[in-house]
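Side chains included, hydrogens not; waters and symmetry mates left out as well; all remaining heavy atoms used. In the text below, chain A, chain B and the rest are named by the order of the sequence lines, each starting its count at 1.
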Number of protein chains: 2
Amino acid sequence: MQHRKPLQLEAFLPYRLSLLSNAISGAIAAVYGDKFAISMPEWRIMMILAEYPDISADEVCRRTKIEKSMVSRAVARLLKRHLINRDMDEKDRRRSILRLSETGLSVYDEVMPIARDYEAKLLSDLSAGELETFNDMIDRLMEKAARIEY
Amino acid sequence: MQHRKPLQLEAFLPYRLSLLSNAISGAIAAVYGDKFAISMPEWRIMMILAEYPDISADEVCRRTKIEKSMVSRAVARLLKRHLINRDMDEKDRRRSILRLSETGLSVYDEVMPIARDYEAKLLSDLSAGELETFNDMIDRLMEKAARIEY
DNA sequence: TAATATTAGTTGTAGATGCAACTATTTATC
DNA sequence: GATAAATAGTTGCATCTACAACTAATATTA
């Protein structure tokens, strides 16, 4: 029998979340992508380094959840464009110490307000309470998703 | 001045949604990926064809929001594995008519309950009202995201 | 009905992505 | 302290992805 009915794709939470996530991330990526030719992983690394200067690539991985080979290549690109600086840890010579360069900071300071503004516009129709509820549900679903085993 | 503070990556909605979406989609993708070596776009196409048999590749694009070259290649793979059938529209010979094959349906009928079950488990801690609120917010954010211009 | 535009689908290609293997260094164990 | 295990980071590679150019068929316009 063809034509399965319930749980259509359009009502399927994973699909809905994927669409929303892509729409939002894509809109912001268009800003830094068009203006500065920065990719999404590159931008996330810059955000983390703005918040936590002088951390290692490994800690960038942990904080961004970006896979280490991607971080390695993104760091290489950011270095080549002088958007970040890298020192080596004296005490552990495997370990790098990354931070935004002056240029990187200025790029960050130009892009970030736009990202912030986008987020603010996006959320402008939600009341403070609704936003809190929404964030809370995201946290709970994240927790739950991490626990479900198959 | 290094160390920018507010709106850390971890609190940034696009990032949070992206993590949640990847966690959920990834968990389900692991099911059909491991069991049947089906990719995410392939699975989404199968879901749409289960719901709407005998639609064209173009309509698959519209309904899944998957880019047409991906649909084309995914359809080719699904055809080669006999998971779907394709006829050509008599009235418009550019147009294909796609539907799940018997095998495709049986795969769908095996995977779908697991996906459903996963979704149910994921949402089991939310009350009916909370779920409705959550879905409503996703809809509103989708709408809003589509309207914001830059 | 001839010329043009639009639409459906395919294919070329460059770049992104993620796993696994690798090197170099440090830590743990005997 | 020598050997084994673990860790940080890089690189090879196969696959995925998306844009754009392309082919073929249909629709539109004159």
Discussion item. Within the 4.0 Å heavy-atom criterion, would you say S39(A) contacts the bases, only the backbone, or no part of the nucleic acid?
Written reply: nothing
Worksheet item: Over how many whole Å does the gap from K68(B) atom NZ to dT23(D) atom P extend?
Response: 14 Å
Worksheet item: Can you find a side chain N or O atom of S69(B) that sits less than 4.0 Å from OP1 or OP2 on dA18(D)?
Response: no
Practice prompt. Could you state the atom-to-atom distance from CE of M70(B) to P of dG12(C) in whole Å?
Written response: 18 Å
Worksheet entry | Nucleotide of dT17(C), dA25(D), dG18(C) approaching D92(B) most closely (side-chain heavy atoms) | dA25(D)
Discussion item. In this structure, how many angstroms lie between the C1' atom of dT17(C) and the CD atom of E42(A), rounded?
Written reply: 13 Å
Worksheet item: If only side-chain N and O atoms of R86(B) are considered, is one of them under 4.0 Å from the OP1 or OP2 phosphate oxygen of dT10(C)?
Response: yes
Discussion item. So if I take every side-chain heavy atom of R73(B) and compare against dC19(D), dT10(C), dG18(C), which nucleotide ends up nearest?
Written reply: dC19(D)
Worksheet entry | salt_bridge(D125(B), K144(A)) N-O dist < 4.0 Å | yes
Fill in: Nucleotide dC16(D), atom C1' - distance to CD1 of I38(B) in whole Å
17 Å
Discussion item. Cation-pi check for Y15(A) against R44(B): NZ or CZ below 6.0 Å from the six-membered ring centre and within 45 degrees of the axis, yes or no?
Written reply: no
Discussion item. Side-chain N or O of R93(A) versus OP1/OP2 of dT26(C): is the shortest distance under 4.0 Å?
Written reply: yes
Fill in: Contact check, side chains of V60(A) and K68(A), non-hydrogen atoms, under 4.5 Å
no
Response to the item:
Walking DNA chain C from its 5' end, the first of R77(A) and D89(A) to be reached, judged by nearest nucleotide, is R77(A)
Worksheet entry | E42(A)/R73(A) ion pair, N-O < 4.0 Å | no
Discussion item. Please report the distance, rounded to the nearest Å, between CG in L98(A) and C1' in dA8(D).
Written reply: 11 Å
Worksheet, complete the sentence: Per nearest nucleotide of DNA chain C, the residue lying toward the 5' end, R95(B) or E90(A), is R95(B)
Worksheet entry | Short side-chain N/O contact to dA8(C) OP1/OP2 from S56(B), under 4.0 Å | no
Response to the item:
E67(B) CD to dT11(C) P, in whole Å, measures 14 Å
Worksheet item: In whole Å, what is the span from the CD1 atom of I55(B) to the C1' atom of dT7(C)?
Response: 17 Å
Worksheet item: For K91(A) and dT26(C), what is the distance between atoms NZ and C1' respectively, to the nearest whole Å?
Response: 15 Å
Worksheet entry | Under 4.0 angstrom between R94(A) side-chain N/O and dT7(D) OP1 or OP2 | no
Practice prompt. Output the single nucleotide from dG9(C), dA8(D), dT10(D) whose closest atom is nearest the side chain of D58(A).
Written response: dA8(D)
Fill in: Close side-chain approach of L17(A) to L20(B), heavy-atom, < 4.5 Å
yes
